[in-house]
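Heads up, the thing below is written out as structure tokens.
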Amino acid sequence: MMIPLHGIGGRQDLPVPFGLAVAGAAVAVAVSFVVLGLAWRSPKYRGNASGKPLPAAITRTVDAGWFRWAVRLVGLAIFLYAMVSLMFGVDRLTNPIFGFIYILVWVGLVPISIVLGPVWRTLNPLRTVHLLLSKLLRQPPSKGLLELPPWTGLWPAALGIFAFTWLELVAPDRATIPVLQAWIALYVVITMFGAILFGDRWFAQGDPFEVYASLMARLSPWGRRTDGALVVRRPLENLDGLKAQPGLVGMVAALLGSTAYDGFSNSSAWIGWAQNQDISMTWLGTGALIVFVLFVLVTYSGATVLAGRLSESSRTALPGLFAHSVVPIAFGYVVAHYLTLFILEGQRTLIYLSDPLSNGANVFGTGLLAVNTGITNHSTMIAVIQVLAVVCGHLLGVVSAHDRAVALFPRSRALAGQLPLLVVMVGYTCAGLFLLFSS
């Protein structure tokens, strides 16, 4: 993509031996399961029915039409400004569009959603364009030409996430203008065509960025109660409100599997092996990415189905009912893999955005600033943060899965039913740390 700064920490930077760190992480996840089994015997989360209402003035402001349109127009203006670089900018890495898409949008969606909640639904520029077109044609935005089949669920968004991660991690010449133009054009056409066919419901099911942001927003403290009130609640209780639907498992598998492949693709073992093969890196990378996504999909689904068998519960619906517990794991992987990239390349992108056409302009006055690389002097701290992000993500996943298990399974079988999920999560923890530091 740009420069390999997904993480500047390494095994040698950890304050304890790498093997001990992996073993300690696995033990921490396993011990948390035992503690929860002893101390947490009834469900404590109420999902979307929970939350403390915010002051009425805040709710009125957030729900006001003028405020929502202000947010929409900000999102649309930023999008149009970035498109100037995409359509008319030079084909060099100094073009800010590469950092805008790969860093500020793809990685930046996570902190934005954690801090502000599901704001991307309003910021989404394509949703705003569709809303404006609907008003122009005097049609309700929810009205489409066809009904979206219920079985569709989030599968279109899952395929979109796979397509974007393929672009980011595998596609040849992905940091060139023609390739990025082609992908963005396809994304815009498919998303807008879907909205025309199925109404604005398509954005919540078919727009990969909006679905991704909505999943991450479930880890924020902000949400809507079932009565419509804007509330503050515990992030894991917010996460508990995520409804199972078709494609949700595929979505979280695509997120987790692609992030794992990201770490694997930077390993010296993979690079050395792949360069000695007669098959192109593009085909090898595509195959490996598919394998990683399918591995997560199969192991997670298999564990939940086995959990249903051990707990003497219905097995077919369990993968979707437990899929919310994978979201904290995916969040932990994102933090571990992209923190330093976001800090360093994010700064560079903001500097380049002052000169969208690379002609010496300084629109925002940032063009003469330099990247603050001070974080590179703290590699040990970064390595520790990476480990903690992976481990804490899995711990939160265990807590979420346990609360759902005691709600769904017979009390006498609740712990036994969770054992397959525990084994899978311990395996993910060890594999995630190994892949993270394998380069």
Side-chain angles (χ1 to χ4, degrees), residues 25-26 28-51 110 113-114 117-118 154 211-212 214-223 232-245 248-253 255-256 259 296-297 299-301 303-308 311 313 317-336 388-409 411 414-429 432:
V29 174
V31 169
S32 69
F33 166 77
V34 175
V35 172
L36 289 170
L38 295 174
W40 196 314
R41 300 195 175 190
S42 60
K44 300 183 184 301
Y45 297 148
R46 298 187 299 120
N48 294 334
S50 66
V110 175
S113 300
I114 296 293
L154 300 181
V211 174
Y212 175 43
S214 297
L215 287 179
M216 291 297 122
R218 281 288 174 177
L219 292 172
S220 78
W222 316 110
V232 58
R233 60 168 70 105
R234 293 174 292 181
L236 289 187
E237 194 149 41
N238 205 0
L239 181 65
D240 187 69
L242 181 63
K243 301 300 182 183
Q245 58 180 306
L248 177 59
V249 177
M251 183 71 185
V252 296
L255 289 173
L256 193 57
T259 308
V296 174
L297 183 64
T299 54
Y300 165 77
S301 298
T304 51
V305 170
L306 183 56
S311 63
S313 305
L318 288 183
L321 290 172
F322 279 94
H324 72 298
S325 65
V326 184
V327 176
I329 300 175
F331 171 69
Y333 278 38
V334 168
V335 173
L388 290 176
V390 172
V391 175
C392 289
H394 283 86
L395 290 176
L396 293 176
V398 169
V399 174
S400 297
H402 177 79
D403 188 80
R404 183 61 55 86
V406 296
L408 295 176
F409 298 160
R411 178 169 294 186
L415 280 181
Q418 293 177 72
L419 287 175
L421 279 171
L422 173 66
V423 172
V424 167
M425 286 191 176
V426 169
Y428 287 171
T429 303

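Side-chain atoms are counted along with the backbone in the values below, which use heavy atoms only and exclude waters and symmetry mates. Index from 1, following the sequence.
Residue Ser220 comes nearest to Ile114 through the heavy atom pair CB-O, 3.0 Å, listed as atom of the first residue, atom of the second, then distance. Residue Ser301 comes nearest to Val249 through the heavy atom pair OG-CG1, 3.7 Å, listed as atom of the first residue, atom of the second, then distance. Summarising the geometry of Ala25 relative to Thr429, their closest heavy-atom pair is CB-CG2, 3.8 Å, with the distance given to 0.1 Å. Of all the heavy atoms in Gly223 and Arg233, the pair that sits closest is CA-NH1, 3.7 Å. Between Ala28 and Leu395, the shortest heavy-atom distance links the atoms O-CD2, 3.6 Å. Minimum interatomic distance between Ala217 and Pro118 (heavy atoms only, all atoms of both residues): CB-N, 3.5 Å.
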Original post:
Run the side-chain contact (heavy atoms from CB on, under 4.5 Å) check on Arg404 and Phe409 step by step: do they pass?
Top reply: CA-CA 8 Å; Arg404 183 61 55 86; Phe409 298 160; over 6 Å; no

Subject >> Stepwise side-chain contact (heavy atoms from CB on, under 4.5 Å) check, Leu408 with Leu318 >> reply: CA-CA 9 Å; Leu408 295 176; Leu318 288 183; 4.1 Å; yes

Subject >> Asp403 and Val399: CA distance, side-chain angles, deciding distance, side-chain contact (heavy atoms from CB on, under 4.5 Å) verdict >> reply: CA-CA 6 Å; Asp403 188 80; Val399 174; 5.7 Å; no

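Here the CG-CG distance, from Asn238 to Leu219, works out to 8.0 Å after rounding to the nearest 0.5 Å. Distance check, rounded to the nearest 0.5 Å: CG of Leu396 to OG of Ser32 gives 9.5 Å. Distance check: Leu321 CG to Lys243 NZ gives 10.0 Å after rounding to the nearest 0.5 Å. Once rounded to the nearest 0.5 Å, the distance linking CZ of Phe33 with CG of Leu38 reads 9.5 Å. Of the inter-residue distances, the one linking Ser50 atom OG with Arg234 atom CZ reads 7.5 Å to the nearest 0.5 angstrom. Of the inter-residue distances, the one linking Leu236 atom CG with Lys44 atom NZ reads 13.5 Å to the nearest 0.5 angstrom.
Residues Arg41 and Val406 are not in side-chain contact: their nearest non-hydrogen atoms beyond the backbone lie 4.5 Å or more apart. Residues Leu256 and Tyr300 form no side-chain contact, since every pair of their non-hydrogen atoms from C-beta on lies 4.5 Å or further apart. Looking only at side-chain heavy atoms (C-beta outward), Leu255 and Leu215 come within less than 4.5 Å of each other. Side-chain contact between Arg218 and His324 is absent, with no heavy atoms from C-beta onward closer than 4.5 Å. Side-chain atoms of Thr299 and Tyr428, non-hydrogen and from C-beta on, do get closer than 4.5 Å to each other.
Distance alone, capped at 3.5 Å, is enough to place a donor-acceptor pair between the Glu237 side chain and the Arg46 backbone.
No donor-acceptor contact under 3.5 angstrom links the side chains of Tyr45 and Ser400, judged on distance only.
Ring orientation note: the planes of His402 and Trp40 are nearly perpendicular, at an angle over 60° on the 30°/60° scale.
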